[in-house]
Amino acid sequence: MWKGALFQLSSTEDPKENLEIINKMINIAAAKNVDFIALPETANCISNSKTHQDKVLQVEEEDITLASLIKAAKNKSLNILVGSLALKHNKSGHKLINRSFFIDTSGRILAKYDKLHMFDASVSYSEKYNESSRFAAGEKAKVVSTALGKFGLSICYDIRFPHLYRDLSKRGAQILTVPSAFTVPTGKAHWEILLRARAIENGAFVIAPAQTGTHNFSNGGDRKTYGHSMAVDPWGTVLVNATNGVNSLSYFSCDLSKVTTVRSKLPSLTHDCKYSYE
């Protein structure tokens with residue numbers, strides 16, 4: 001059994017400011033002797049301005065947040081899920097990438113995952129998103145073997161595509177990660193239901209650190225995120241459902257024998273059948 005911490009952030013447009021908060025929270029979590037910490041989506045910067053993003057964001061090799069987290073993982077003997085970072089990418093032209101990282105206790109990056117599904121949605125008359133206009137979609141799913149178990153990586157809007165998680169689980173994933181920056185309307189209606197469903201369908205732990213609160217932008221706009229960071233066990237039991245505390249920590253324990261037990265009781269991952277349509 002191992003112990004983890006969910007970071008619930010309210011990231012700003014300033015990567016340096018966000019990193020200062022993250023480092024303080026890492027020190028608090030490390031003092032609790034956790035084995036694993038998980039950050040939410042776009043932990044380094046949330047902005048609605050492409051001009052501002054082009055100004056403050058870096059390529060992976062020069063990103064200050066990633067470099068600091070690699071150092072922290074090694075110095076604090078932590079496994080770190082960097083939920084995602086918004087990064088420049090030489091291969092994507094003018095578009096950014098939304099990339100998740102898994103860093104082990106030696107400071108080694110074991111896996112990278114680029115968000116597959118772009119959030120192009122009209123949540124309400126006044127709240128519309130067109131993620132594909134700014135971010136390049138990923139092309140590869142990722143299962144990573146770690147000292148803590150096998151993790152299937154995903155990001156936010158991916159949660160609405162259950163076949164992805166079934167594929168990850170069939171390839172050995174025991175823990176499914178869903179770092180997010182969910183909108184408030186969709187969060188209220190769907191967040192917990194989707195996370196518990198993915199856990200139940202796959203007999204897997206689901207770990208979902210989230211952005212929360214109001215993110216104010218330099219151009220006068222803002223964005224609100226739902227929060228409620230969650231951890232769910234393979235039976236669908238909620239281990240953590242965080243309050244909406246800004247820049248707060250929640251703790252949980254992960255016993256992978258629960259995955260074995262649930263999958264032996266309900267071996268639905270082995271029961272797929274072929275069918276046709278009339």
Side-chain angles (χ1 to χ4, degrees), residues 4 6 36 38-41 79 81-84 98-102 110-121 131 135 137-146 148-183 186-187 189-211 226 228-241 252 254-275:
L6 298 178
F36 169 83
L39 279 65
E41 183 180 19
N79 295 276
L81 173 75
V82 187
S84 83
N98 191 349
R99 177 168 289 173
S100 184
F101 299 84
F102 194 103
L110 297 185
K112 306 174 187 180
Y113 164 76
D114 294 347
K115 186 176 183 179
L116 287 172
H117 299 95
M118 297 291 97
F119 187 51
D120 295 346
E131 192 173 31
F135 288 87
E139 298 178 346
K140 296 182 179 180
K142 180 69 68 173
V143 176
V144 54
S145 295
T146 79
L148 303 179
K150 291 186 177 180
F151 286 74
L153 306 184
S154 73
I155 300 172
C156 201
Y157 189 49
D158 287 334
I159 192 65
R160 294 185 182 273
F161 301 87
H163 52 278
L164 170 62
Y165 298 90
R166 191 166 189 83
D167 287 344
L168 293 171
S169 298
K170 283 189 169 185
R171 285 164 173 75
Q174 301 157 297
I175 307 114
L176 305 169
T177 60
V178 195
S180 296
F182 243 62
T183 71
T186 58
H190 304 148
W191 175 244
E192 180 176 337
I193 295 168
L194 288 169
L195 295 174
R196 294 185 69 195
R198 299 298 89 85
I200 293 166
E201 290 163 352
N202 298 294
F205 282 91
V206 171
I207 296 172
Q211 294 277 356
Y226 182 63
H228 295 273
S229 298
M230 292 186 67
V232 185
D233 81 2
W235 194 246
T237 302
V238 176
L239 305 177
V240 171
N241 188 349
F252 66 96
C254 181
D255 180 357
L256 289 185
S257 68
K258 289 185 177 181
V259 176
T260 303
T261 298
V262 169
R263 289 180 177 177
S264 63
K265 287 182 177 179
L266 291 170
S268 61
L269 290 174
T270 66
H271 289 168
D272 284 341
C273 62
K274 295 182 179 180
Y275 50 86

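Below, each value reflects all heavy atoms present in this structure, side chains not excepted, and no hydrogens, waters or symmetry copies.
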Evaluate the side-chain proximity of [Y] to [X]: yes if any heavy-atom separation is below 4.5 Å, no if none is.
X      : Y      : answer
Leu110 : Phe151 : no
Ile159 : Phe182 : yes
Ser169 : Leu176 : yes
Val206 : Met230 : no
Glu192 : His228 : no

- Task: Quick one: do Val238 and Arg196 satisfy side chain to side chain contact (heavy atoms under 4.5 Å, CB included)? Show the steps, please.
- Result: CA-CA 8 Å; Val238 176; Arg196 294 185 69 195; 3.7 Å; yes
Which heavy atom in [X] sits nearest to a heavy atom in [Y], and how many Å separate them?
X      : Y      : value
Gly149 : Leu256 : CA-CD1, 3.8 Å
Ala210 : Ser229 : N-OG, 2.9 Å
Val259 : Gly203 : CG1-O, 3.3 Å
Pro179 : Leu39  : CB-O, 3.6 Å
Ile155 : Ser84  : CD1-CB, 3.8 Å
Asn98  : Glu131 : ND2-OE2, 3.7 Å

- Item | ring-ring contact (aromatic ring centres under 6.0 Å, His included) partners of Tyr157, counting only residues at least two apart | Phe119, Phe161
Can you sort out the partners of [X] under side-chain contact (heavy atoms from CB on, under 4.5 Å), two or more places apart, ordered by chain and number?
X      : result
Asp167 : Arg171
Ala38  : Leu6, Phe36, Leu81, Ile207, Pro209
Lys112 : Glu60, Arg99, Phe101, Ile109

Say you draw a straight line from [atom1] of [X] to [atom2] of [Y]; how long is it, rounded to the nearest 0.5 Å?
X      : Y      : atom1 : atom2 : result
Thr183 : His190 : OG1   : NE2   : 9.5 Å
Leu168 : Gln174 : CG    : CD    : 12.5 Å
Leu153 : Leu164 : CG    : CG    : 10.0 Å
Ser180 : Leu195 : OG    : CG    : 7.0 Å

- Message: Show every side-chain hydrogen bond (donor to acceptor under 3.5 Å, both in side chains) that has at least one partner inside residues 257-271, sequence neighbours left out.
- Response: Asp255-Ser257
Given 3.5 Å as the limit, does a donor-acceptor pair link the side chain of [X] with the main chain of [Y], or not?
X      : Y      : result
Thr237 : Trp235 : no
Glu41  : Gln211 : no
Trp191 : Tyr226 : no

- Message: Show, in sequence, the C-alpha distance, side-chain angles and deciding distance for Leu239 and Phe205, and conclude whether the side chain to side chain contact (heavy atoms under 4.5 Å, CB included) test is met.
- Response: CA-CA 10 Å; Leu239 305 177; Phe205 282 91; 3.9 Å; yes
- Summary of salt bridge (charged side-chain N to carboxylate O under 4.0 Å, His left out) pairs that have at least one residue in residues 150-162, sequence neighbours excluded: none
